[in-house]
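Report on one structure; see the data block that follows.
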Amino acid sequence: MRDLTITIDGPAGSGKSSVARRVASILGYLYLDSGAMYRALALKALNQSVPLDDEGRLERLARDTHIQLKPPTPHQERAGAKNRVFLDGIEVTDAIRTADVAQASSRLATIAVVRQVLVAEQQCAGAGGGVVMEGRDIGTVVFPDAELKIFLDASPEVRAERRWKEHQEKGDAVTLSEVLEEVRQRDQRDRERKVSPLVRAPDAILVDNSAMDIEETARLILMLVRERQSEAAAVVAK
Ligand code: CDP
Ligand code: CDP
C-alpha cells in the first residue's frame, strides 16, 4: 500500500491532535503537530520578552530556534500529551500548553516571515509521505498536494468544553466561559489573518465531530484512507 500524506486542519479543540495521533498510530505513520512548533516559539519569545509584533526579532528568533517533536512517554501519554516537544534541547511539553502561550502563538502566527521558517521545517519533516500532520494551513499551504485532506470541526461550545475539561484535569483554575472566550479570540485571529488563514481547502473533507468521540472520528478517517489507497491502486493497475 502506498504511504499517503494526510492533513488535518481545524480550529482549537476540534480534536486534531488526538485524532491525528490515533490515525498515525494505527497506520504506523509519523504524527506531526505543527501547532506545537508555533507554541514552542511563542514560549521562547515570551521568556525572552520579545514583543509579539517585532517582526525582525521574531524572524531571527525563528531562524535561531531548534524545535523537535518526539512521541510521548507512556506516563506523559496517560496524562494526555500527544507528543513531546523540545525547545533548543529542553523539554517544554507541558510549558507550551498554557492559555498565555496559546494566545501568544496565535499572535506570532500572523507574521509571514515567521510562518515561512516554520512551514519550511514542516515540509522537510513530512517529506516522503507516510505522515499525518495537523494544524491550520497544512492542506492549504504546507502540503497542498496531500492525498487526503480533512477539515475537522466541532461547535465552539463543544470545543471549549473539551479544553476546559483538560484544564480541570490539570488542576488549572479557569472557568468554562474564560476558556470559551480564549478559544473564540484565537479562532477569530486564525481565521481573519492575512497570511495562511484557517480555511477549508477546496478539496478537504469536512468532518464535524461535535457528537463523535476520538475513536469514531479516527475510524471515519481510516475509511477515507482506505478509499484513497484503493483509488490509487486502481490507477496503477490500469
Ligand atoms: O488539537 P486540537 O486542539 O484540535 O484538539 P485535541 O487537543 O486533540 O482535543 C481537545 C480535547 O478534546 C482533548 O482532551 C480530547 O481528548 C477531546 N476530544 C474529545 O473529547 N472528542 C473528540 N472527538 C475529539 C477530542
Ligand atoms: O491545540 P490547539 O488547536 O488549541 O492549537 P495549536 O494547534 O497548538 O496551535 C496554536 C496556534 O498556532 C493556533 O491558534 C494558530 O494561531 C497557530 N498555528 C498556525 O497558525 N498554523 C498551524 N499550522 C498550526 C498552528
Side-chain angles (χ1 to χ4, degrees), residues 7-24 31-43 45 52 67 69 77-83 85 92-93 96-112 114-119 121-123 125-126 132-143 150-156 158-170 179 182-199 201 207-221:
T7 67
I8 304 185
D9 291 300
S14 57
K16 301 178 299 296
S17 307
S18 319
V19 171
R21 182 160 154 70
R22 184 78 185 119
V23 169
Y31 158 59
L32 290 168
D33 172 2
S34 66
M37 300 174 71
Y38 289 90
R39 283 175 181 260
L41 190 61
L43 177 67
L52 294 168
I67 301 167
L69 304 175
E77 194 160 17
R78 277 193 298 277
K82 315 295 180 310
N83 55 29
V85 186
V92 292
T93 305
I96 61 167
R97 298 290 158 196
T98 67
D100 285 348
V101 172
Q103 279 296 332
S105 64
S106 95
R107 288 185 57 196
L108 175 143
T110 62
I111 299 172
V114 167
R115 299 197 71 85
Q116 273 168 22
V117 175
L118 295 188
V119 165
E121 287 174 19
Q122 290 151 14
Q123 287 170 331
V132 186
M133 191 178 292
E134 50 104 350
R136 301 291 186 290
D137 61 340
I138 310 303
T140 50
V141 175
V142 181
F143 292 117
I150 306 293
F151 192 89
L152 197 59
D153 209 348
S155 74
V158 165
R159 294 188 286 107
E161 192 170 348
R162 288 174 179 170
R163 266 291 137 79
W164 178 69
K165 279 189 184 151
E166 287 181 327
H167 286 298
Q168 292 282 98
E169 278 158 24
K170 285 193 276 178
V179 177
E182 192 279 315
V183 163
R184 275 194 204 280
Q185 270 184 23
R186 201 145 54 92
D187 284 352
Q188 187 177 5
R189 198 181 292 124
D190 291 347
R191 288 192 162 109
E192 292 180 358
R193 70 180 173 223
K194 287 196 190 74
V195 272
S196 314
L198 170 65
V199 284
V207 176
D208 187 318
N209 72 146
S210 300
M212 283 156 78
D213 66 18
I214 295 164
E215 210 50 42
E216 288 167 324
T217 316
R219 270 171 47 204
L220 173 62
I221 294 175

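All values below come from the heavy atoms of this structure, side chains included, with hydrogens, waters and symmetry mates left out. One-based numbering along the sequence shown. Both counts, for ligands and for their atoms, begin at 1 and track the order of listing.
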Residues lining ligand 2 [heavy-atom distance under 4.0 Å, listed by chain and residue number]: Ala12, Gly13, Lys16, Ser34, Gly35, Tyr38, Arg39, Arg97, Ser105, Ser106, Ala109, Arg115, Gly135, Arg136, Asp137, Ile138, Arg163, Arg186, Asp190, Arg193

SB check Arg186 Glu182 (cutoff 4.0 Å): yes

Sub-4.0 Å atoms of ligand 1 with respect to non-hydrogen atoms of Asp213: 23 (N)

Under 3.5 Å: donor-acceptor pair, side chain of Lys16, backbone of Gly10: yes

All side-chain contact (heavy atoms from CB on, under 4.5 Å) counterparts of Glu77, not counting sequence neighbours: Arg21, Pro72

N/O donor-acceptor pair under 3.5 Å between Arg39 side chain and Ser105 backbone: no

Electrostatic pair Asp9-Arg191, nearest N-O below 4.0 angstrom: no

Proximal atoms of ligand 1 relative to Asn209 (non-hydrogen, under 4.0 Å): 22 (C), 23 (N), 24 (C)

Expected output: side-chain Arg163 to main-chain Val183 donor-acceptor under 3.5 Å: no

Atoms of ligand 1, numbered as shown, that sit under 4.0 Å from any heavy atom of Met212: 21 (N), 22 (C), 23 (N)

Sub-4.5 Å side-chain heavy-atom contact between Leu108 and Leu41: yes

